[in-house]
Structure formats: C-alpha cells, structure tokens
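This report refers to the structure that appears directly beneath it.
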2 protein chains.
Amino acid sequence: MNIGEIAKRAGVSRSTVSYVLSGKRTVSEELRRRILTVIEELDYRPNAAARALKEGRTRTLGLVIPPASQRLTDMQLGFVASVVEAAAGADLDVLLSPSGGDHERSFERVVTGRRVDGVILMEIRLEDDRVSRLRQSGLPFVTIGHPADAADVWWIDVDYATLITRCVHHLADLGHRHIAFVNRSAELVAAGYGPGHRALAGFTSAITERGLAGVDVCCPDDAAGGEDCLERLLADHPEVTGLVTINEAALPGVQRALERAGLRVPRDFSIAGVAGRHWAEDFRPPLTAADVPAMEMGDEAVRLLQERIANPATPPRHILHAPPISLRSSTGPRRH
Amino acid sequence: MNIGEIAKRAGVSRSTVSYVLSGKRTVSEELRRRILTVIEELDYRPNAAARALKEGRTRTLGLVIPPASQRLTDMQLGFVASVVEAAAGADLDVLLSPSGGDHERSFERVVTGRRVDGVILMEIRLEDDRVSRLRQSGLPFVTIGHPADAADVWWIDVDYATLITRCVHHLADLGHRHIAFVNRSAELVAAGYGPGHRALAGFTSAITERGLAGVDVCCPDDAAGGEDCLERLLADHPEVTGLVTINEAALPGVQRALERAGLRVPRDFSIAGVAGRHWAEDFRPPLTAADVPAMEMGDEAVRLLQERIANPATPPRHILHAPPISLRSSTGPRRH
DNA sequence: TTGTATGCGTTATCAC
DNA sequence: GTGATAACGCATACAA
C-alpha cells in the first residue's frame with residue numbers, strides 16, 4: 001500500500017494526497033474528504049523509510065544503554081522508561097543500542113548509518129570514547145551524566161558531589177564521627193565512572209571540612225557484594241557508625257550484614273545516600289536519601305535533544321540536579 | 001556522504017562500490033583496494049533509509065513493552081535486555097514501543113509504517129487487541145506470553161499453571177494443609193493477564209487434587225501492596241501456613257507483614273513461587289522458586305522471529321518453559 | 001570485470 | 001487548486 005495507490009483510488013495525483021497528509025497546501029474540501037476516506041479504508045500510513053530518505057530525518061532517537069550482561073539498576077531503568085515515554089509523547093520512536101561489551105557494531109550503525117536524528121547516551125565515563133565518537137560524527141546528542149571535558153556537550157546529571165556532601169553533613173550533625181562511603185563497583189570506578197569519582201570527591205571534602213574520620217570502599221553492585229563488603233568494613237573499622245552510598249543495589253546486602261552484626265538501623269547504625277524514590281521508600285527502614293528524579297531527567301533529555309536537533313547552533317545546555325535529601329527513617333543520632 | 005561520492009573519488013561507478021560492499025559480484029583486487037581505502041578515509045556507511053526503501057526490509061525489530069508508568073518487573077526487564085542483546089548479536093536494531101496507556105500512535109507507527117521487519121510483544125492478555133491487530137496486519141510477530149486463542153501465533157511462555165501446581169505439591173508434601181495463592185494485581189487479572197489466570201487455574205486444580213484448603217488473593221505489584229495484602233490474609237485466614245506466588249514485586253512487603261505477625265520463614269511460614277533467578281537468590285531467606293529463564297527467552301524470541309521473517313509460511317512454533325523448582329530456604333515442614 | 005539504467009515511496013518544485 | 005516530475009541513496013537487472 002503506497003501513496004500512488006491511494007491517489008489512483010481517489011482519482012487524484014500523488015502530490016494531492018501528500019499535501020492532504022502534510023497540510024502544506026490547501027486542498028478543496030471535497031477532495032480532502034474523498035482522499036481521507038480512501039486512506040481510512042485502506043488503513044494507509046506513509047512508508048517510514050521513503051519519508052526518511054526524502055526528508056533527511058528519521059523521526060527516531062537513539063538510546064545507548066549499558067550492555068544487558070551488566071544488570072541495569074533501578075535508576076537506569078527509570079531513565080530508559082522515561083526517555084521512551086517522552087519520545088512517544090513527541091511522536092518519536094526510540095532505537096535501543098547496547099554499548100560496551102562486544103556491541104561496537106550496534107553503536108556504529110546507529111551513529112553513522114543515519115538511523116536516528118539524535119542520540120541519548122547513558123552511563124558516561126569521565127573519559128568516554130562514545131562521547132568523542134559522537135562529537136566527531138556531528139550527530140546531535142545529549143548525555144545523562146557528563147564526561148570530564150563537558151563544556152561543549154549537552155548534558156543532564158545528578159550532582160553526586162553535592163548530594164554526598166549533604167549526606168555527610170547530615171550524619172555529622174547527628175553526632176557521627178566515623179563515616180564510611182560505599183561506592184559503586186571497583187571496576188566501574190576504575191573505568192572512570194563519573195558518579196563514583198564525583199561522589200568520592202564530595203565525601204572526602206565534607207569529611208575534611210567537618211574534621212571527621214572517613215573510610216571509602218568500592219562495592220559490587222549487588223546484594224551479595226554488599227553483604228561481603230560491609231562485613232569486611234565492620235571488621236576493619238568497628239568504630240564506623242554510619243555510611244553514605246550511591247550503590248542502591250548493594251543495600252539489601254549491606255543491611256543483612258548489619259543485622260548479622262547485631263546492629264539496628266537507625267538505632268546503632270545510620271545509612272544515607274542517593275537513590276531512586278521507589279527504592280528508598282521500599283527499603284526497610286525507609287531510606288533517608290536524595291531522590292534522583294529519573295523520570296524527569298529522561299523527559300529533559302528528550303526535550304534537550306529535540307532542541308538541539310532543531311537548532312544545532314545553540315550553545316550547549318547543562319542541567320545539574322541536586323534534589324533535597326528526603327528525611328526518612330534510616331538515620332539517627334549516634335549512640336554512645 | 002553517499003555511495004556516489006565514494007564512486008567518484010575512487011574513479012569507478014556506483015554499482016562497483018555497491019558490489020564491493022555486498023560482495024555479490026567479484027571486483028578486481030585493485031579496484032577493491034582503492035574503493036575500500038576511500039570508504040575507510042571518509043568513514044562511509046550506507047544510508048539505512050535508502051537501503052530499507054530499496055530492499056523492502058529494515059533490519060530492525062520492534063519490541064512492544066508495557067508503558068513506563070507501570071514499573072517494569074525484574075523479569076520484564078530481563079526480557080528487554082536479552083532481546084536487545086540477542087538482536088545486536090544478529091546485527092539487528094531494536095525499536096522500542098510502549099503500548100497501552102495513551103501510546104496507540106507509537107504502536108500503530110511501528111505496525112503499519114513498515115519501520116520494522118517483525119515485532120516482539122510482551123505482557124500478553126488472554127484477549128489481546130495488539131495480537132489481533134498484528135495478526136491482521138500480516139507483520140511477522142512473536143509473543144512472550146500467549147493469548148487464549150494462540151494456535152496460529154508464534155510464542156514463548158512460562159508454564160505458570162504447571163509451576164504453581166508444583167509449588168502447591170511441594171508445600172503439600174511438607175505437610176501444609178492451608179495454602180494461599182498471591183496473584184498479581186486485581187486490575188491486571190481483571191484485564192485478562194494470562195499468567196494470573198493460568199497460575200490460578202494451576203493452583204485450584206492442585207488444591208483440589210490434594211484435598212487441601214486454598215485461598216487466593218490478588219495483590220498490588222509492589223512492596224507496600226504486598227504488606228497490606230498479607231496482613232489482611234493473615235487476619236482473615238490465620239490457619240494458612242504457606243503461600244505460593246507469581247508476584248515477585250510484592251514479596252518484600254509480604255515478608256515484612258510476616259515478620260510483624262511474628263512469623264519466621266520458613267520455620268512458621270513457607271513461601272514458594274515463580275521468579276527471576278537473581279530475585280530469588282537475593283531474597284532473604286533465598287526463595288524456593290521456579291527460576292524463569294528470562295535471558296534465554298529473549299534470545300529465543302529473536303531467533304523465532306528471524307525464522308518467521310525468513311520463512312513466513314512455516315507453521316507456528318511454540319515454546320513452553322517449565323523450569324524445575326530450585327529448592328532454597330523459604331519452605332519447610334509445617335509446624336504443629 | 002565493469003558501467004548504465006531503473007525503481008523503491010516520498011516530498012517538494014515547477015508548471016498549469 | 002491541482003497535476004506531472006525530479007530528486008533522496010541504494011541495490012540490481014541488464015548491457016557491454
């Protein structure tokens with residue numbers, strides 16, 4: 001079914017059909033009716049490839065995600081979901097591309113095959129090859145997270161340094177003097193994962209500012225890893241009475257280790273961090289945390305990307321979120 | 001950058017370049033070299049839209065997911081991840097389309113705009129409009145889950161009836177006489193969500209077969225809902241000593257309610273169910289459950305779809321998974 | 001072994 | 001207000 005067939009059945013030319021569809025020139029009411037009826041009857045819809053070829057744009061956004069092998073966190077999932085939702089709201093389709101692992105080809109196809117009008121990139125490293133690649137390709141893109149050298153890229157991020165700093169101050173205000181920072185996995189941090197580094201910087205500076213004793217550890221991104229990690233931490237640093245973290249996936253394990261050590265939260269031990277809202281609320285006890293507005297951020301990513309596609313010359317825009325810390329029930333005064 | 005530009009710079013015709021790329025006819029080694037060098041230099045890649053238009057296929061699969069508003073379960077996430085991974089492995093791209101909610105347009109675009117060569121559908125209802133729509137459209141599709149009338153559709157599913165039956169037998173063997181079934185949310189079940197109905201059927205028949213007393217309840221798909229639900233259940237049916245469930249998202253709440261009621265798992269109360277492996281393992285105590293092979297199923301969905309695209313006349317194939325129940329630590333003998 | 005010509009389905013320019 | 005026609009970039013049947 002193509003536009004020519006519609007034209008034939010309606011007894012008009014192809015261009016008239018096209019103009020009825022686009023509304024870019026006036027068509028007599030009679031023909032309009034007739035054409036729309038035929039379109040309806042045959043359930044005709046323009047061929048996307050032909051349209052893309054002619055118009056030079058695909059009405060499709062690329063979304064580059066971490067490979068599946070590495071399980072997506074709740075927060076990442078929130079980004080994906082909200083990007084898809086926002087794109088659908090703007091009548092845009094979303095092409096998913098796993099990066100990393102052995103998926104170079106998928107990424108290359110998206111970037112260089114003109115399959116999309118723009119790209120949204122997640123899980124940004126401080127030095128990120130994909131960002132360089134995209135920069136050089138000229139394809140509009142927006143990142144969720146930002147690389148070290150980010151002046152010329154459009155991005156949206158969470159201000160991990162500030163948030164972790166606030167968490168430390170909160171614990172310090174409650175009287176805690178020995179505080180631990182539970183980071184994401186060692187591999188991720190070693191690979192230059194931005195939030196890991198920025199959160200650590202925030203932790204270190206706050207610890208110094210308040211004259212506290214701080215210890216930081218990397219921790220695998222799952223419950224079992226969290227359990228091991230905290231067990232070791234408690235053994236090596238029994239003086240620690242509270243922790244701050246950006247590793248939501250490790251928390252169930254963290255809590256099990258605390259329980260096993262006979263420590264109650266928040267009576268004997270306080271936990272604060274950065275996490276998705278659902279996560280923080282479903283945790284027991286509910287987690288005192290900065291609630292990352294994942295839904296909003298996906299939305300913004302799509303908006304920014306549309307803006308950039310529409311007007312490539314616009315100077316870069318950055319959005320840095322520092323949501324307030326929601327006081328729940330996982331932090332309390334230090335017990336003597 | 002197009003194929004003509006490459007041809008000009010290499011001093012050959014466009015078709016020669018095209019044939020070098022496709023390998024569909026022999027090209028002298030000298031020209032081949034020259035052309036490949038130019039391609040390399042300019043980092044040329046064929047325009048996907050032009051190729052799709054010419055070839056009549058897009059090398060893209062559609063993946064229809066539930067809307068983001070309704071949070072994806074761990075299992076659904078596993079499907080998405082594995083589909084994307086498998087598709088990437090076959091050099092196929094994946095176009096994501098949220099369905100339900102107010103995303104009709106997105107679904108219609110995918111189905112009727114020839115944006116994809118085939119579609120993978122998730123979260124199937126017994127009577128599913130999207131399946132009917134796809135059936136009538138002639139576009140090849142595979143479902144994860146299956147509708148009531150599924151003889152002519154290609155699908156992959158988990159045998160919820162059998163698995164829940166096994167769970168009931170397992171509890172019965174341990175001496176439990178009063179068993180509850182915790183279903184997915186009432187809305188989902190009312191909407192004809194397949195697993196909800198089939199699992200319930202399996203539960204009922206097993207209860208009857210063993211001469212037990214069974215009670216079944218619907219339960220919201222989140223921790224808070226699970227907590228409420230179990231609290232009510234324990235109040236109304238204090239004789240119940242074990243439950244089986246397909247609602248993994250409710251389990252943290254279920255457990256909290258049990259704890260609050262002073263019931264220990266598995267000493268005082270047994271839990272068995274169907275869940276993703278990670279989920280079951282991370283649970284405390286680790287969950288005795290049939291581990292849904294989500295990764296494998298996404299893979300199969302892509303393979304089946306490729307098969308169907310390649311050979312539309314092949315009779316439909318169905319794959320029904322009934323993974324064994326992994327004995328972990330959430331079930332034990334009834335206490336007297 | 002290579003080149004020329006055609007058409008995929010659209011949109012948009014030009015002519016009427 | 002409407003119709004004919006030329007691209008868009010590619011793959012391939014047909015010529016040489």
Side-chain angles (χ1 to χ4, degrees), chain A residues 1-36 38-39 42-60 91 93 109-117 139, chain B residues 1-36 38-39 42-60 91 93 109-117 137-139:
Chain A
M1 190 49 41
N2 60 32
I3 203 171
E5 185 69 15
I6 303 293
K8 197 192 301 176
R9 302 214 188 190
V12 299
S13 75
R14 288 181 341 215
S15 47
T16 305
V17 177
S18 177
Y19 281 117
V20 165
L21 252 21
S22 70
K24 288 191 181 171
R25 87 180 182 194
T26 48
V27 174
S28 70
E29 195 48 31
E30 187 204 334
L31 287 191
R32 238 181 70 80
R33 280 254 167 278
R34 201 154 83 213
I35 291 169
L36 286 176
V38 176
I39 287 178
L42 300 191
D43 194 25
Y44 162 78
R45 210 112 358 172
N47 179 306
R51 174 179 274 183
L53 179 57
K54 179 61 185 162
E55 291 192 325
R57 65 185 183 127
T58 59
R59 299 165 191 263
T60 304
D91 281 332
D93 289 318
R109 255 198 325 268
V110 166
V111 172
T112 192
R114 289 184 204 72
R115 305 211 24 49
V116 299
D117 298 334
L139 193 63
Chain B
M1 189 49 41
N2 60 34
I3 204 172
E5 184 70 15
I6 305 291
K8 198 191 302 176
R9 301 212 190 192
V12 300
S13 76
R14 291 183 332 208
S15 56
T16 304
V17 177
S18 176
Y19 282 118
V20 164
L21 252 22
S22 71
K24 289 192 180 171
R25 86 181 183 193
T26 47
V27 174
S28 70
E29 195 49 30
E30 187 204 336
L31 287 191
R32 238 182 70 80
R33 281 255 165 279
R34 203 154 82 213
I35 292 169
L36 286 175
V38 176
I39 287 178
L42 301 190
D43 193 24
Y44 163 79
R45 209 114 357 171
N47 179 306
R51 173 179 278 185
L53 180 56
K54 177 65 184 161
E55 291 193 324
R57 62 182 185 131
T58 58
R59 299 163 191 265
T60 304
D91 280 332
D93 289 318
R109 258 201 319 272
V110 165
V111 173
T112 191
R114 289 184 202 68
R115 299 196 53 29
V116 299
D117 298 333
S137 81
L139 194 63

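Letters go in sequence order (proteins before strands), and every chain restarts at 1. Given the structure is predicted, the values throughout are model-derived calculations rather than measurements.
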**OP:** Under 4.0 Å from any atom of DNA chain C, heavy atoms only: list the residues of residues 16-25 of chain A that qualify, in numerical order.
**Re:**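 Here the set is A:S18, A:Y19, A:K24, A:R25.
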Donor-acceptor contacts, no H, no angles, side chain residues 16-27 of chain B, under 3.5 Å, sequence neighbours left out:
residue : atom : partner : partner atom : Å
B:T16   : OG1  : B:S13   : OG           : 3.2
B:S22   : OG   : B:S18   : O            : 3.4
B:S22   : OG   : B:K24   : N            : 3.2

Subject >> Given DNA chain C, 5'-ward residue of the pair B:E55 and A:E55, judged by closest heavy atom >> reply: B:E55
Original post:
More 5' along DNA chain C: B:G11 or A:K54, using each one's nearest nucleotide?
Top reply: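 On the 5' side of the pair lies B:G11.
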In whole angstrom, what separates [X]'s [atom1] from [N]'s [atom2]?
X     : N     : atom1 : atom2 : value
B:N47 : D:dA7 : CG    : C1'   : 14 Å
B:M1  : D:dC8 : CE    : P     : 14 Å
B:N2  : D:dG9 : CG    : P     : 5 Å
A:K8  : D:dA4 : NZ    : C1'   : 16 Å
A:R14 : D:dT5 : CZ    : C1'   : 8 Å

**OP:** Go through the steps to decide whether A:M1 and A:D43 satisfy the test side-chain contact (heavy atoms from CB on, under 4.5 Å), and finish with yes or no.
**Re:** CA-CA 9 Å; A:M1 190 49 41; A:D43 194 25; over 6 Å; no
**OP:** Scan residues 26-34 of chain A against DNA chain D and write down, sorted by residue number, each residue with any heavy atom closer than 4.0 Å; if none is found, say none.
**Re:**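 Only A:T26, A:V27, A:S28, A:L31 qualify.
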Original post:
What nucleotide among D:dA4, D:dC10, D:dT12 has an atom nearest to a side-chain atom of B:S15?
Top reply: D:dT12
Original post:
Is there a donor-acceptor contact under 3.5 Å from the side chain of B:R34 to the main chain of B:A10?
Top reply: yes
**OP:** Can you sort out the partners of B:S137 under side-chain contact (heavy atoms from CB on, under 4.5 Å), two or more places apart, ordered by chain and number?
**Re:**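 By the side-chain contact (heavy atoms from CB on, under 4.5 Å) rule, B:S137 matches B:V111, B:R133, B:L134, B:L139.
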Original post:
Under 4.0 Å between a side-chain N or O of B:Y44 and OP1 or OP2 of D:dG9?
Top reply: no
**OP:** Supply the atom-to-atom distance A:L36 CG to A:I6 CD1, rounded to the nearest 0.5 angstrom.
**Re:**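 Spacing of CG (A:L36) from CD1 (A:I6) equals 10.5 Å.
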Subject >> Euclidean distance, A:R114 CZ relative to A:T58 OG1, rounded to 0.5 Å >> reply: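 Taking OG1 in A:T58 and CZ in A:R114, the distance rounds to 11.5 Å.
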Subject >> Check: A:R14 and A:N2 side chains under 4.5 Å, non-hydrogen atoms >> reply: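 Heavy-atom side-chain distance check fails, nothing below 4.5 Å.
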Subject >> Along DNA chain C, first and last positions that approach a heavy atom of chain A under 4.0 Å >> reply: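 Result: C:dG9 to C:dC14.
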Original post:
If you look at every heavy atom in A:V38 and A:R9, which pair is closest and at what distance?
Top reply: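 So the two residues come closest at CG1-CB, 3.9 Å.
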**OP:** Quick one: closest heavy-atom pair of B:T60 and B:R115, and the distance?
**Re:** CB-O, 3.9 Å
Subject >> Residues in side-chain hydrogen bond (donor to acceptor under 3.5 Å, both in side chains) contact with A:R51, at least two apart in sequence or another chain >> reply: none
Subject >> N-O pairing of A:E29 and A:R32 below 4.0 Å >> reply: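 Salt bridge: yes.
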